[in-house]
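These notes concern the structure reproduced below.
Since the structure is predicted, the reported quantities are computational estimates derived from the model, not experimental observations. Chain identifiers are assigned alphabetically (A, B, ...) following the order of the sequence lines, protein sequences preceding nucleic acid strands; residue numbering begins at 1 within each chain.
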2 protein chains.
Amino acid sequence: MKRSTTQILARLRELMLRAQPGDSGCIAAYIVPSDDAHQSEYQCQHDERRSFVSGFDGSAGTAVVTTDSALLWTDGRYYQQAEKQLDSNWVLMKDGLTTTPSIGAWLAKNLPRGSAVGVDPRLLSFRVWKPIETELNAAECQLVPIEKNLIDEVWGADQPAQTSNPIITLKLEHSGVTIAKKWEVVRKQLKDKNVDALVVSALDEIAWFLNLRGSDIDFNPVFFAYLIVTSDELLLCVDSSKLPTDFAQHQTENNVKITILPYASIGLEISKIVSTKESKIWIAPTSSYYLTALIPKSRRFQEVTPVCVLKAIKNDVEIEGFVNSHIRDGVALCQYFAWLEDQVKRGVQVDEMSGSDKLESFRASKDKYMGLSFTTISASGPNGSVIHYHPKEETNRKINDTEIYLCDSGAQYLDGTTDVTRTLHFGEPTDFQREAYTRVLKGQLSFGSTVFPAKVKGQVLDTLARKALWDVGLDYGHGTGHGVGHFLNVHEGPMGVGIRLMPDDPGLQANMFISNEPGFYQDGEFGIRVEDIVQIVPAVQVAHNFANRGALTFKTITMCPKQTKMIKKELLSEVEVKLLNSYHQQVWETLSPILSREGDEFTLAWLKKEVLPI
Amino acid sequence: MKRSTTQILARLRELMLRAQPGDSGCIAAYIVPSDDAHQSEYQCQHDERRSFVSGFDGSAGTAVVTTDSALLWTDGRYYQQAEKQLDSNWVLMKDGLTTTPSIGAWLAKNLPRGSAVGVDPRLLSFRVWKPIETELNAAECQLVPIEKNLIDEVWGADQPAQTSNPIITLKLEHSGVTIAKKWEVVRKQLKDKNVDALVVSALDEIAWFLNLRGSDIDFNPVFFAYLIVTSDELLLCVDSSKLPTDFAQHQTENNVKITILPYASIGLEISKIVSTKESKIWIAPTSSYYLTALIPKSRRFQEVTPVCVLKAIKNDVEIEGFVNSHIRDGVALCQYFAWLEDQVKRGVQVDEMSGSDKLESFRASKDKYMGLSFTTISASGPNGSVIHYHPKEETNRKINDTEIYLCDSGAQYLDGTTDVTRTLHFGEPTDFQREAYTRVLKGQLSFGSTVFPAKVKGQVLDTLARKALWDVGLDYGHGTGHGVGHFLNVHEGPMGVGIRLMPDDPGLQANMFISNEPGFYQDGEFGIRVEDIVQIVPAVQVAHNFANRGALTFKTITMCPKQTKMIKKELLSEVEVKLLNSYHQQVWETLSPILSREGDEFTLAWLKKEVLPI
């Protein structure tokens, strides 16, 4: 399970001795972020440098290597996984604990004055770079950009190449709005902010804006590219060989002309704009330090891009697709859970991996299916308490009737992206398990039914999902809600719901889609999570309109029953019982005609039992 | 109601022409903050410069005067008041609206490049200075400290002198902990943070740390002084003539020796420490830019002071005093409301001002009474919708049986500080008034009874107080809770509960005291607010202990009934009804023996009626 990193670290430390040009070219520490050059949440194998150097392959974490230490910072979702994967060269730094110093603070304290800390400036966002730099400077140390990536040098010929898969066009029947129309809105914002150009480096923003999709990163239908938007030009830096054959027609249908430039020319193009234009240049604080530093400080306009905000607010076609894809996805889920319950009851061996494969096959049979939206979390018993668990050969566990089964999964469809979690017990759950499940469900119902003023930050609703757990001293160590892309990344910003404010949250607005996913995890025993995707909609029944803000609420679009066996009804209020029963009624009315039509009496019978009112 | 500021502005603009030394000594704008040199929330008359220059005398606001404009920024609590008080020279800038630019942004946009903006560096905290400076610099303008205060020059001989009233000692029976013990805790923190000295400029922190009280600012038992704490010295910069006669004995009883220095020598003393010591110097980001700038940037340790955090967590003696003073205060409130109801019913004329005087006289009759903790908000009908209204001759309104009466008041006692709001109707409230009141009460009950993990930021609980209002599209434009000093300022940090995070919030901890005060305001019609002071206490009945954090809850220490006539019982849940009835039961059990003992049968009869279960 642990891979030895001794050789890798030795080689890296050699390179650190002469990482900078000049005589005193050594750096005292090298930071290995998990980012790629686009600050993507998931990376293609080429970019899995932090995983290569440390052995820890969770989705979040940063490695720091000094001449005599190697440290890995990661958050609460990954403590267990990191402890399992890091070899003895590494120290786990538990991010999020008050006793854990930040990377900058640790380096400032442990390096001699005058030390240089190196990092690839493409792999750190400006927002992450700045505080580290400030902390280092306060200790008379420096954060220096190292142009050549040292991990790539160590990795050498074994490093997989950057993926460059074919791009596909998304027709208007699925995108809903032409590029020209999106450009019009962005152009207005550039004018309002007195900005000459917008640099977009986030892959999902580029894909969405251009009504294109790719497959360069597993589960994320994006492609490697950079985009520059001015009032009269769209410059796309991309490997032109991957452009679709119908690209000319795509531009015609979308009423635009896109200039294609080499992927690697983005730096040059930014520098050109800096020298030919006069006003500011818009670049998100989440873009890399490398790109940002190409723009003189006084010329930077550093805010979340208008594309990011526009993308989060779905148009009518995207909304329809979201709803429809969630119905198809719900059918697949019901088919899987019905099948699984039957297998377990009949004593047929199903494990986390074969179960997850079966679920994938049900999804793959559905219309417009394009693949999974993330690795399925199929977790039995104690594995469920590892929040971002994915089954592997060495952890694979039988799904049985004595342990809780947690299944968090999702798919990409041409018309939408899904992400859903259900927690089931095929035998007799303990009283505590039922209490925990019920409190998680109470939080989900409270959050999912709340009415709130338009544009409040997602953070202000977080407590509603936790309150029933807090009442008895329980909680969960992750956020409550994230945005979901439309046939795009399963996690997208800029809004989000958690105990901390998302820095770019523009406030919750109608037709944003977010997840509603409280949970509870008993380390080494079980995990509970119930997750739906909800659409933000106007709260039409509301009588008043304070400060003319308008009131919003949520509409659940995930269609899959929540196991009532796990519920302690006496812990639910009358309102909560009504909410749950009415949700189940809606699931029945939505899915049963499809199952009937398909002649799937087996799943229909299961569903009928699962949606019985409590 | 409006005072002409034409002459004052003309004279100020003359001074702005030669505000800086040198030939081009003119400044394009002058900022007049409402702060004094200690960043106090309330000021003595000497420091009411913003009020002098603008005519607006609300507690929060900043004036900006350019060569041809005069602007006043203030927040939602004061829009109405500012509109009433500002003459035609002034433009009201409604802080908090998304359409209102910040001061820095407005100046950056409206001043020519290269302009200098002046401000007295003593009157702006470092935290407020920095973003204004950044915004100005981005527009190639500068924020310059002007040593001589221009408003003082305009004001001239008419400006009241800085107050310098006698200081009194707070005996151990009321303070609970010696200065030596407080110093010990602070000393340890200085050592932990590797800091040589702590500069304290906040007046309530100095008073609390030294177990001294003053009366230099109305309602705030503080005195003008600066304090420097090192591991072996306590330097107090203060007008020595105001020291108490028992000051020597006070030091003995508190096991310390305090070095007294002139008030004006603080700058000199900081500079001395800068040059004689080597490590960092701790100064809060809320201290003035002037004091902060005396410390080289690399030597600054800018965090909330340890004194501020320690002061917020009350010791056993302070807690006992808090509870007891709230009981005495509750008796005074009941006596007032009983009297008032009777007067109104009998048709005897009582107005907002005479009512407030009567309430003061009831309080003044109580043991350990030291004065009011803020100007009483005694507001009838539409005046109640002005959130920080204080009755004046020209606004004074009769208290009657057709309008809602809102009374927000508090007192200083030797053993605690109170702050309480009750809203009453002596006739027949409308259905909407009752609904609004009930929803405010629901928020108060939800917030006041919630269980939460220790050390969560106050902000995360804010939504609980608003949810019942949000359900029908209502809300209120102020925070939900603020800290309260112990025989000190009625508003104190560093924690607080509102829709935005308090920047220095160390997380809610046992034995902090905060207010619980949701409200609702119908502009020009009525205001509703219900406010209690709550103590944070361990939630002992909680079964689990997630991540070993410990669970906390609130205990209400304000003792005064909430008018049940205003309640629509059908909107309350069973739990809420129980909470209210049990609170009233507790009020009865606490106050009735005192009223009986005092032979106040009249108030007793009123109380008996008011606490009847619903």
Largest heavy-atom contact set with chain A, pairs under 4.5 Å, which of Ala551(B), Ala543(B), Pro453(B), Ala547(B):
Pro453(B)
Name the option with the most non-hydrogen atom pairs under 4.5 Å to chain B; the candidates are Leu501(A), Leu474(A), Val456(A), Val575(A).
Leu474(A)
Given that the side chain runs from C-beta out, which part of Leu464(B) has a heavy atom under 4.5 Å from chain A: side chain, backbone, both or neither?
side chain
Step by step, work out the side-chain contact (heavy atoms from CB on, under 4.5 Å) result for Val460(A) and Val460(B).
CA-CA 7 Å; Val460(A) 309; Val460(B) 309; over 6 Å; no
Hey, what donor-acceptor pairs show up under 3.5 Å between chain A and chain B?
| from | atom 1 | to | atom 2 | distance (Å) |
| --- | --- | --- | --- | --- |
| Gln459(A) | OE1 | Gln459(B) | NE2 | 3.2 |
| Gln459(A) | NE2 | Gln459(B) | OE1 | 3.2 |
| Val460(A) | O | Thr463(B) | OG1 | 2.4 |
| Thr463(A) | OG1 | Val460(B) | O | 2.4 |
| Val472(A) | O | His544(B) | N | 3.1 |
| Gly473(A) | O | Phe546(B) | N | 2.9 |
| Asp475(A) | OD2 | Arg549(B) | NH1 | 3.2 |
| Asp475(A) | OD2 | Arg549(B) | NH2 | 2.7 |
| His544(A) | N | Val472(B) | O | 3.1 |
| Phe546(A) | N | Gly473(B) | O | 2.9 |
| Arg549(A) | NH1 | Asp475(B) | OD2 | 3.2 |
| Arg549(A) | NH2 | Asp475(B) | OD2 | 2.6 |

